[in-house]
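Shown next, in structure tokens, is the structure this report addresses.
Worth saying up front: this structure is predicted, and the values here are computed from it rather than measured. What you see below is based on every heavy atom in this structure, not just the backbone, and it leaves out hydrogens, waters and symmetry mates. So that the names make sense, note that chain A is the first sequence line, chain B the second, and so on, each numbered from 1.
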Amino acid sequence: MQLIEQKREFQSALIQWYLREKRDLPWRRTTNPYYIWVSEVMLQQTRVDTVIPYYERFIKKFPTLAHLAEADEADVLKMWEGLGYYSRVRNLQAGVKEVVTQYNSQIPKTRKEISQLKGVGPYTAGAVLSIAYGIPEHAVDGNVMRVMSRLLLIDEDIAIPRNKKIFEEVVMHLIDKEDPSSFNQAVMELGATICTPNPKCLLCPVREFCGAFHEGRQQELPIKSKKVKMKTIPVLMVVIRNLDGKWLLRQRPATGLLANMWEFPLVENYPSQAIEQLMQQQYKMQVEQPTPLLHFKHIFSHLTWDITSHLVVTDDVAPEGFQFFSTEEVEALPKAVPVIKIWQAVNEKEKNS
DNA sequence: CAAGCGTGGTC
DNA sequence: TGACCAAGCTT
């Protein structure tokens, strides 16, 4: 195969292009393995432009492994608010604590050891090892599979997990042992800017090595099977204010959807009946004066919430698992986007009365 | 392994 | 407007 035979020329063309054209990103100004780790976790399934401000704030607030290890989980979650996939940061802090306590605050330099840290999978392990330490390890993400499937005309379905090892083996063969950091980042940069789903082949620095370009098959690669369409769940959210002007919230479980985030009382798949009766049944609470707030859809990765929200008043006590919070306290709690939207609607209504 | 897990951008 | 996407990991 042409690319394999001209490996040196390919590596050189790719890395020269990367060093010339790479975007100036905050995490490319350091090789601090902790900062690389933070950036890689944030970048999982998340766009660069979204990550940048979160990254800047996060490392300012938690500048070292020790700072993050010792931080309160609620403060850590607050820094992640709005970024999504909230278990990432819970796992990150757990992994950082492992490094501090078990590795004398030195992030391990072997795939075997680093992969055992919470939240560090095959990609993140290879990314930290190669970018922070210059170790020639594969870091195969969606970009890499797309780029390699085109370069080498690999037509295995990239949606099937067991096929990823094909790409990991390809990368281990092609990777530049002298500069694995630039090589891995170059492949990803190429996938993010040139070898996109709709590729810009005329701008590609390695098109002469590309099997798909030669055969005009760049639009049909990679092969990726479709996923199932998601369900829509009707959700009723009730914002409950007591006579002291405080708000009723609870923290979601530590695992699962919106892990550890705070929310107003909610009912999924609720029956069509009055809010007062529903709150009595579900939470044993007496509420009055229901006022409609917002009606909107919130789309998650695998399901949609069709959210109806109301504002009510109560003179009751907080039910099991709930607490009343002042307005300032509610602001400080980590909340996911649908809760934030409803909270903003409440504030609007307060302002106009 | 398949399914669960957020959010915002793009075409 | 809806499908698809974006530097994946866990169970």
Query - Atom CD of A/E320: over 12 foreign heavy atoms under 6.0 Å - result: no
Query raised in the report: If only atom types and distance count, is the side chain of A/K22 paired as donor or acceptor with the main-chain N or O of A/R20 below 3.5 Å?
Result: no
Query raised in the report: Under 4.0 angstrom, heavy atoms only, what part of the nucleic acid is A/W305 near: base, sugar-phosphate, or nothing?
Result: nothing
Query - 5'-most by nearest nucleotide on DNA chain C - A/R146 or A/K164 - result: A/R146
Requested in this report: Rounded to the nearest 0.5 Å, what's the gap from CG on A/L92 to CZ on A/F62? Could you check?
Outcome: 10.0 Å
**Report entry** Separation of the C1' atoms in B/dG6 and C/dC4, to the nearest angstrom
**Finding:** 15 Å
Query raised in the report: To the nearest Å, how far apart are A/L43 CG and C/dG8 P?
Result: 8 Å
Report summary line: Contact string for nucleotides 2-11 of chain B, one letter per nucleotide 5' to 3', B = base within protein heavy-atom range under 4.0 Å, S = sugar-phosphate only, - = neither, reads S-SBBBB---
Query raised in the report: Is A/R90 touching bases, backbone alone, or none of the nucleic acid, heavy atoms closer than 4.0 Å?
Result: nothing
Query - Nearest-angstrom distance from the residue atom CD of A/E40 to P of C/dA6 - result: 16 Å
Query raised in the report: Using the benzene-type ring in the case of Trp, are the ring centres of A/Y18 and A/F183 under 6.0 Å apart?
Result: no
Report summary line: When rounded to whole Å, the CH2 to C1' distance for the pair A/W80 and C/dC9 reads 12 Å
Query raised in the report: Between A/F325 and A/K246, is there a cation-pi geometry (under 6.0 Å to ring centre, at most 45° from the normal)?
Result: no
Query - Side-chain H-bond candidate by donor/acceptor type, A/T46 with A/R88, under 3.5 Å - result: yes
Query raised in the report: NA contact type, A/L190, heavy-atom cut-off 4.0 Å: base, sugar-phosphate, or nothing?
Result: nothing
Report task. Considering only atom C1', compute the distance from B/dC5 to C/dC5 and round it to an integer number of Å. Result -> 16 Å
Report summary line: Numerically ordered, the residues 116-139 of chain A set in heavy-atom contact under 4.0 Å with DNA chain C is A/K118, A/G119, A/V120, A/G121, A/P122, A/Y123, A/T124
Requested in this report: Determine, step by step, whether A/Q44 and A/T124 satisfy the side chain to side chain donor-acceptor pair (under 3.5 Å) criterion, reporting the C-alpha distance in whole Å, the side-chain angles of both residues, the deciding distance to 0.1 Å, and the verdict.
Outcome: CA-CA 9 Å; A/Q44 290 168 9; A/T124 304; 3.0 Å; yes
Query raised in the report: Is the closest side-chain donor-acceptor distance between A/E73 and A/N260 under 3.5 Å?
Result: yes
Query raised in the report: Side-chain donor-acceptor pair under 3.5 Å between A/T110 and A/E113, yes or no?
Result: yes
Requested in this report: Indicate, with a heavy-atom threshold strictly under 4.0 Å, whether A/R252 touches base, sugar-phosphate, or nothing.
Outcome: nothing
Query raised in the report: Can you list, by residue number, the residues of residues 95-102 of chain A that have a non-hydrogen atom closer than 4.0 angstrom to DNA chain B?
Result: none
Requested in this report: May I ask you to decide if the ring planes of A/W305 and A/F300 are parallel, tilted or perpendicular, using 30° and 60° as cut-offs?
Outcome: perpendicular
Report summary line: Note: A/E137 and A/N184 closest approach over all heavy atoms is O-ND2, 2.9 Å
Query raised in the report: Relative to the 5' end of DNA chain C, which residue comes earlier, A/S115 or A/R23, by the nucleotide with the nearest heavy atom?
Result: A/R23
Report task. Check whether any side-chain N or O of A/R146 sits under 3.5 Å from a backbone N or O of A/G191 as a donor-acceptor pair, and report yes or no. Result -> yes
Report task. Write down the distance separating the P atoms in B/dC1 and C/dC9, rounded off to the nearest Å. Result -> 15 Å
